[in-house]
Amino acid sequence: MDDSYGPDPATAPPSAHRITTPVTGDLLRGALDLERTARGGLLPHRLPARARAQSGGDEQVAQAESQPAGVRVVFRTRATAVELEVLRTVVGYRGVPAPPDGAYDLHVDGEPAGRATASGGDRVTVDLAEGGRETVRGPVCLVRFDGLPGREKTVEIWLPYTETAELFTLRTDAPVAAVEPDGRGVWLHHGSSISHGAAADSSATAWPALAAAVGGVELVNLGLGGSALLDPFTARTLRDAPAGLISVKLGINVVNRDLMRLRAFGPAVHGFLDTIREGHPTTPLLVISPILCPAQEETPGPAAPDIRDGRVEFTALGDPAETALGKLTLRVVREELARIVAERAAEDPALHYLDGRVLYGEADFAELPLPDRLHPDAAAHRRMGERFGAYAFGPGGPFAGVEGGS
């Protein structure tokens, strides 16, 4: 493969009569930083450069934050055909079937109107046993949507949470224009891979996106797969980002990475919340504990992937007896989070707590079990989004009636 990054001839546009518009920052929502790549593309980031530098070069953080969960290309147009020129990077694992192509969801005036996938791009294969990785380069391609209504409309293209997407141009049969902010409240949400979108059909159908639609708010999704670890650089990102509503879903990664003991966990949560409050002293702030995960309810981490017959299941490797020595389980984490929020709420009435099992609990597990023993499937994401939307944005909810950003 040569190093020319033009479109794959097999995916060339059906008509040369297209208006070409470079993708620029005013056409993007949901990203906190933008990087102009060596190939000339625009790469959305969900952590700013300073936070990325402070991660110590952690590959998990780098991969997660560069996957554009919740990031959208948004514009006004009369176009009936839209093409997005994109160069994706897909990460897979040796011995596991290649992941499905990421979904690019099209919304027209806020309503789902189509779905497409990209081809080509770079493929990275990670060897979990040896720790190495191999990269095979591929071309830019065009993600196409046809048959759009010819009226003036707002078009959103939700980028996939499963792959990195370098954006180049929009190609349309009518001019496009940026959309001015409409005054909707900005909801800033941080969490683990489940918030990131893992096992949902797409970014637009992950539970935070579905809940944001219920609440009529603008989502900035800081779900970081495997990396919701109470990192100070993440807390500072939440502190500095504009938001009218904030939620943090904490605990599962701290347990399954076996990152800290109870003695360290409590002060780390306090420090994380203190940092957020430096930038958002009165903003509604909701702390959410983990959803039900039977493998780790009473068994500490670490958790490890078990690959058999091309399937991945996660197994907790800790000893339940070690909880007496301070090792964390989901039960312990929920108790500690509830205690901390109750204590702080006495002086912080805008601070709230939600037990994650309200979103997905024992009855849900019986009906919709976790396919890999860790992540909910697409149907469970829909249920979680509906429940969170009704709870948080409904009458008396912690996010009810809040508009704008701070």
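What you see below is based on every heavy atom in this structure, not just the backbone, and it leaves out hydrogens, waters and symmetry mates.
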Note, Leu170 side chain near Val23 side chain (heavy atom, < 4.5 Å): yes
Ion pair present between Arg29 and Asp26, side-chain N to carboxylate O less than 4.0 angstrom? no
Indicate yes or no: at least one non-hydrogen side-chain atom of Phe399 is less than 4.5 angstrom from one of Val217. no
Are Arg18 and Glu85 close enough for a salt bridge, meaning some N to O gap below 4.0 Å? no
What's the shortest heavy-atom distance between Phe233 and Gln54, and which atoms? CB-OE1, 3.4 Å
Would you say that Asp201 contacts Arg382 through its side chain, given a criterion of any heavy-atom pair below 4.5 Å between the two side chains? yes
Would you confirm whether Tyr353, through its side chain, and Ala345, through its main-chain N or O, come within 3.5 Å as a donor-acceptor pair? no
Within residues 89-102 or reaching into it, pairs that qualify as salt bridge (Lys or Arg N to Asp or Glu O under 4.0 Å) - sequence neighbours excluded: Arg88-Asp101, Arg94-Asp127, Arg94-Glu134, Asp101-Arg123
Under 3.5 Å, is there a donor on one side chain and an acceptor on the other for Ser66 and Thr164? yes
Indicate yes or no: does Glu297 engage Arg334 in a salt bridge with an N to O separation below 4.0 Å. yes
Can you confirm whether Glu298 is buried at CD, in the sense that more than 12 heavy atoms of other residues, nucleotides or ligands lie under 6.0 Å from that atom? yes
Could you check Asp109 against Arg151 for side chain to side chain contact (heavy atoms under 4.5 Å, CB included), going step by step and ending with a plain yes or no? CA-CA 11 Å; Asp109 290 333; Arg151 55 177 167 79; 2.5 Å; yes
Spell out, as yes or no, whether a donor-acceptor pair under 3.5 Å connects the side chain of Ser289 to the backbone of Gly356. yes
Kindly give the heavy-atom pair with the smallest separation between Arg257 and Gly226, and that separation in Å. NH1-O, 2.6 Å
Answer yes or no: is there a side-chain heavy-atom contact under 4.5 Å between Ile246 and Ile276? yes
How about His381 and Ile194: do any of their side-chain heavy atoms sit closer than 4.5 Å? yes
Side-chain (His280) to main-chain (Pro242) donor-acceptor, under 3.5 angstrom: no
On a heavy-atom basis, which atom in Gln296 and which in Val255 lie closest, and how many Å separate them? NE2-CG1, 3.5 Å
Is Leu32 close to Val220 at the side-chain level, that is, under 4.5 Å between some pair of heavy atoms? yes
Under a plain distance cut-off of 3.5 Å, with no hydrogens placed, do Ser195 and His189 share a side-chain donor-acceptor pair? yes
Please confirm whether the backbone N or O of Pro320 pairs with a side-chain atom of Lys327, one donor and one acceptor, at under 3.5 Å? no
If we ignore angles and hydrogens, is there a donor and acceptor under 3.5 Å between the side chains of Thr315 and Asp306? no
Ignoring hydrogens, what is the shortest heavy-atom contact between Leu167 and Pro44? Give both atom names and the distance. CD1-CG, 4.1 Å
Single hit among Val140, Leu42, Asp122, Leu87 for side-chain contact (heavy atoms from CB on, under 4.5 Å) with Glu166: Leu87
Working for side chain to side chain contact (heavy atoms under 4.5 Å, CB included), residues Leu370 and Tyr360: CA-CA 10 Å; Leu370 306 172; Tyr360 180 93; 3.4 Å; yes
State, yes or no, whether a side-chain contact exists between Val155 and Val176 at a heavy-atom distance under 4.5 Å. no
Between His375 and Ser193: side-chain donor-acceptor atoms closer than 3.5 Å: yes
Taking Arg339 first and then Glu335, would you say they form a salt bridge - that is, a charged N and a carboxylate O separated by under 4.0 Å? no
Considering only residues two or more places apart or on different chains, which pairs with a residue in residues 225-254 satisfy salt bridge (Lys or Arg N to Asp or Glu O under 4.0 Å)? Arg239-Glu278
Cationic N near anionic O, under 4.0 Å, Lys153 to Glu111: no
Using a strict threshold of under 4.0 Å (side-chain N to carboxylate O), is an ion pair present between Glu65 and Arg46? no
Do NZ/NE/NH1/NH2 and the carboxylate oxygens of Asp33 and Arg50 come within less than 4.0 Å? no
Smallest heavy-atom separation, Val86 atom then Ala118 atom, equals CG1-CB, 4.2 Å
Under 3.5 Å, is there a donor-acceptor pair linking the side chains of Asp173 and Thr80? yes
Any donor-acceptor pair under 3.5 Å from Thr172 side chain to Pro175 backbone: no
Mark yes when over 12 heavy atoms from residues, nucleotides or ligands other than Arg36 sit less than 6.0 Å from its CZ; otherwise mark no. yes
Mind checking whether Trp187 and Phe388 have parallel, tilted or perpendicular rings, split at 30° and 60°? parallel
Out of curiosity, Leu47 CG to Thr237 OG1, how far, rounded to the nearest 0.5 Å? 5.0 Å
Which distance, rounded to the nearest 0.5 Å, do you find between the CD1 of Ile157 and the CD of Glu83? 10.5 Å
If I compare all heavy atoms of Ser203 with all of Pro160, which pair ends up nearest, and what's the gap? OG-C, 3.6 Å
Any non-hydrogen side-chain atom of Pro267 less than 4.5 Å from a side-chain atom of Arg263? yes
